[in-house]
Amino acid sequence: MSTSVERSVVDGPAFDELEEAFGGELVRPGDALYDECRRIWNGSIDRRPVLIARCAGVADVIAAVRFARTTGSVVAVRSGGHSWPGLSVCDGGIVIDLSLMKGIRVDPQAMTVRAQGGVLLGELDRETQAFGMAVPAGVVTHTGLAGLTLGGGIGHLMRKYGLTRDQLLAVDVVTADGELVQASESENPELFWGVRGGGGNFGIVTSFEFRLNPLGPIVVAGPVFWHMHDAPEVLRFYRDWIADIPDELTTIINFRKAPASPTIPEELWEQPVVAVLCTYAGPVEAGEAVVRPLKEFGTVAHDQCGPKPFLAHQAMLDPGLPHGWWYYCKSCDVGELTNEVIDITVEHSLRIRSPRTSYPIFHCGGAVRRVADDDTAFNGRSAGHTYNINAIAAGDNGEGFEEEREWARNLWDALAPYHTSVYTNFLMDEGEAGIRQAYGAAKFDRLQQLKREYDPENFFRLNQNIPPS
Ligand code: FAD
């Protein structure tokens with residue numbers, strides 16, 4: 001329940017002024033849309049803001065920021081609503097919601113695309129694939145482009161083309177003062193450095209301009225499955241095979257109980273499996289040759305890897321991570337798949353109980369590694385191949401969820417001696433220590449200096465926060 005002080009925020013003259021000027025929708029407790037608009041992807045988050053300002057454009061974002069300042073309200077910023085710890089919704093404050101801002105403009109000659117802050121990954125792919133181009137992004141189409149880009153953006157195309165934020169050419173940002181500024185390599189370059197990895201700490205990004213890359217529309221892609229009892233041999237084979245593959249191929253290893261999906265043979269449903277999910281960002285024939293040794297290894301339980309439209313491939317993981325389930329994620333990076341890491345991985349994967357829970361490992365390296373570490377605020381490009389590990393606990397609702405969460409924490413603890421870094425977009429609410437680890441001391445200090453310049457009062461603090469001091 002909101003307090004009377006909080007309710008007065010939306011009953012006073014400042015609110016009347018906002019309402020007069022606002023082009024989008026202002027949603028308050030009791031309005032028909034309120035429950036739908038305060039819900040985010042992670043069903044375990046249940047928060048009640050006093051106002052959800054659903055912005056139609058930049059003018060609305062500016063008006064909402066100024067209103068929040070005038071009323072002294074806490075602010076959450078929402079784009080795709082996929083923050084694992086629920087940082088895009090708050091209790092008793094204002095949500096500045098960009099999800100109605102869906103403009104996308106592709107320039108096929110210049111090979112660039114502009115996208116507004118409310119665009120989802122699948123929406124961007126649909127527009128860019130119409131021209132046989134893509135921005136490398138994440139692996140679930142209903143994820144928000146804004147939060148993903150500002151944190152980094154790992155996905156199926158990263159080894160060939162880099163992170164999402166490596167494609168950024170320019171951004172429009174509404175600052176804590178309610179001013180619109182542009183940032184690029186030539187304009188406000190330090191801010192441009194900071195938004196490429198520093199999340200929503202410096203302002204609300206209303207528009208992104210990206211470089212485009214050629215892709216598809218047909219690519220060799222999809223998972224190859226083995227029974228989990230074969231996982232130790234599969235992983236050792238994978239580790240050797242992956243050492244020499246070209247950057248065109250990005251793979252994700254996934255451990256879980258096979259979903260009861262029509263695309264998977266019924267005898268595998270709910271059986272523990274390991275899958276290697278491939279995406280080859282290059283010609284089909286070359287891709288088929290590269291993935292052949294994997295497809296021929298051991299006793300393959302099911303093979304879905306072959307030529308297909310990139311758009312279909314991008315949507316493949318959507319049903320396994322739907323809106324509304326309860327989720328918890330523990331993430332870390334490891335430098336190598338050593339025998340010890342493999343043994344821990346297999347041991348804990350065999351303990352997965354819920355058919356919703358999964359354990360993906362993203363193979364990074366390639367183009368991700370070729371950007372110099374100091375060029376952006378993103379950390380963890382380190383030498384070698386580098387694996388990003390996510391223990392994703394999931395359940396239909398709160399029933400049995402604590403045990404799933406415990407499973408994720410135990411796996412993370414067991415891998416602790418091998419952690420090299422952590423990716424901010426997969427952090428839960430892990431406090432300043434987690435954020436410092438994610439950026440490393442030098443980058444954290446530089447980000448703090450930038451925060452002091454753009455947001456000295458920490459107006460934007462519901463994020464993986466870099467406090468000004
Ligand atoms: P939101 O919840 O709307 O926002 C997340 C954070 O970003 C909040 O702190 C918010 O304040 C801030 N923010 C949002 N919009 C803006 C803006 N316009 N300006 C300033 N700050 C803003 N990450 C990957 O790299 N690769 C993946 O493949 C991947 N897959 C995922 C799949 C799922 C199902 C989920 C839930 C997450 C995935 N992620 C992935 C992590 C994802 O990148 C982060 O959760 C990201 O923050 C989501 O962005 P969003 O806009 O949807 O989130």
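FYI, the numbering just counts along the sequence from 1. Worth saying up front: this structure is predicted, and the values here are computed from it rather than measured. Just so you know, ligand 1 is whichever comes first in the structure, and atom 1 is the first atom listed for that ligand. Atoms considered below: every heavy atom in the structure, side chains included; atoms not considered: hydrogens, waters and symmetry mates.
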*Angle class for the Trp326/Phe401 ring planes (parallel below 30°, perpendicular above 60°, tilted otherwise)?*
perpendicular

*How are the rings of His323 and His82 set to each other: parallel, tilted or perpendicular (split at 30° and 60°)?*
perpendicular

*Measuring from the heavy atoms of Phe426, does anything fall under 4.0 Å of ligand 1?*
yes

*Assign the ring pair Phe426 / Tyr423 to parallel, tilted or perpendicular, where the plane angle (0 to 90°) is split at 30° and 60°.*
perpendicular

*Hey, which atoms in ligand 1 end up nearer than 4.0 Å to a heavy atom of Leu87?*
9 (O)

*asked:* Does any N or O of ligand 1 fall below 3.5 Å from an N or O anywhere on Ser83, backbone included?
replied: yes

_Please check whether Asn463 reaches ligand 1 - meaning an N/O of the residue sits under 3.5 Å from an N/O of the ligand, judged on distance alone._
no

*Would you name the heavy atoms of Leu427 and Trp84 that are closest together and state the gap between them?*
O-CB, 4.4 Å

*Protein residue, atom and distance nearest to atom 20 (C) of ligand 1, heavy-atom basis*: Gly203 O, 3.2 Å

_Enumerated ligand 1 atoms positioned under 4.0 Å from heavy atoms of Tyr423_ = 23 (N), 24 (C), 25 (O)

_Does only the side chain of Leu98 get under 4.0 Å from ligand 1, or the backbone, or both, or neither? Count heavy atoms._
side chain

*asked:* Would you say atom 6 (C) of ligand 1 makes contact with the protein, given that contact here means a non-hydrogen protein atom less than 4.0 Å away?
replied: no

*How close does the nearest protein non-hydrogen atom get to atom 2 (O) of ligand 1, and which residue and atom is it?*
Ser88 OG, 2.6 Å

*Nearest non-hydrogen protein atom, atom 21 (N) of ligand 1*: Gly200 CA, 3.3 Å

_Flag for Arg409-Tyr328: side-chain donor and acceptor within less than 3.5 Å_ = yes

*Nearest protein heavy-atom contact for atom 50 (P) of ligand 1: which residue, which atom, what distance?*
Gly80 N, 3.6 Å

*Take every heavy atom of Gly151, measure it against each atom of ligand 1, and state whether any distance is under 4.0 Å.*
no

*Do you know which two heavy atoms are closest between Ser88 and Ser83, and how far apart they sit?*
OG-CB, 4.0 Å

_Residue of the set Leu51, Val50, Val9 for which side-chain contact (heavy atoms from CB on, under 4.5 Å) holds with Thr71_ = Val9

*Quick one: look up the protein heavy atom nearest atom 43 (O) of ligand 1 and list residue, atom name and how far away it is.*
Asn425 ND2, 3.1 Å

*Quick one: does ligand 1 sit under 4.0 Å from the side chain of Leu462, the backbone, both or neither, non-hydrogen atoms only?*
backbone

*Any N/O of Gln464 closer than 3.5 Å to an N/O of ligand 1?*
no

*Above 12 or not: heavy atoms from other molecules or residues under 6.0 Å from CG of Asp375?*
yes

*asked:* Do the side chains of Lys330 and Glu430 get close enough for a salt bridge, i.e. N-O under 4.0 angstrom?
replied: yes

*Quick one: which ligand 1 atoms are inside 4.0 Å of a heavy atom on Gly138?*
26 (N), 27 (C), 28 (O)

*Heavy-atom contact under 4.0 Å between Gly153 and ligand 1?*
yes

*Which of these, Gly198, Ser79, Ala137, has its nearest heavy atom closest to atom 16 (C) of ligand 1?*
Ser79

_Heavy-atom pairs closer than 4.0 Å: do any link ligand 1 to the side chain of Val140, the backbone, both, or neither?_
side chain

*Would you indicate whether Glu336, at its atom CD, is surrounded by more than 12 heavy atoms from other residues, nucleotides or ligands within a distance under 6.0 Å?*
no

*Closest non-hydrogen protein atom to atom 28 (O) of ligand 1, residue and atom name please, with distance?*
Val139 N, 2.8 Å

*Which atoms form the tightest heavy-atom contact between Thr345 and Leu235, and what is the distance?*
CG2-CD1, 4.2 Å

*Only one of Arg369, Arg159, Lys160 passes salt bridge (charged side-chain N to carboxylate O under 4.0 Å, His left out) with Asp247; say which it is.*
Arg159

*Polar-atom distance check: Ile154 versus ligand 1, any N or O pair below 3.5 Å?*
yes

*Would you call Glu127-Arg114 a salt bridge at under 4.0 Å N-O?*
no

*Is it true that the side chains of Asp97 and Ser99 contain a donor and an acceptor less than 3.5 Å apart?*
yes

*Parallel, tilted or perpendicular, as decided by the 30° and 60° cut-offs, for the rings of His313 and His156*: tilted

_Protein contact to atom 52 (O) of ligand 1 [nearest heavy atom, distance to 0.1 Å]_ = Gly144 N, 2.9 Å

*Looking only at protein heavy atoms, identify the closest one to atom 11 (O) of ligand 1 and say how far it is in Å.*
Val77 O, 3.0 Å

_Regarding atom 18 (N) of ligand 1: of the candidates Asn390, Asn388, Val205, which has the closest heavy atom?_
Val205

*Does Gly147 reach ligand 1 with a nitrogen or oxygen that is under 3.5 Å from one of the ligand's nitrogen or oxygen atoms?*
yes

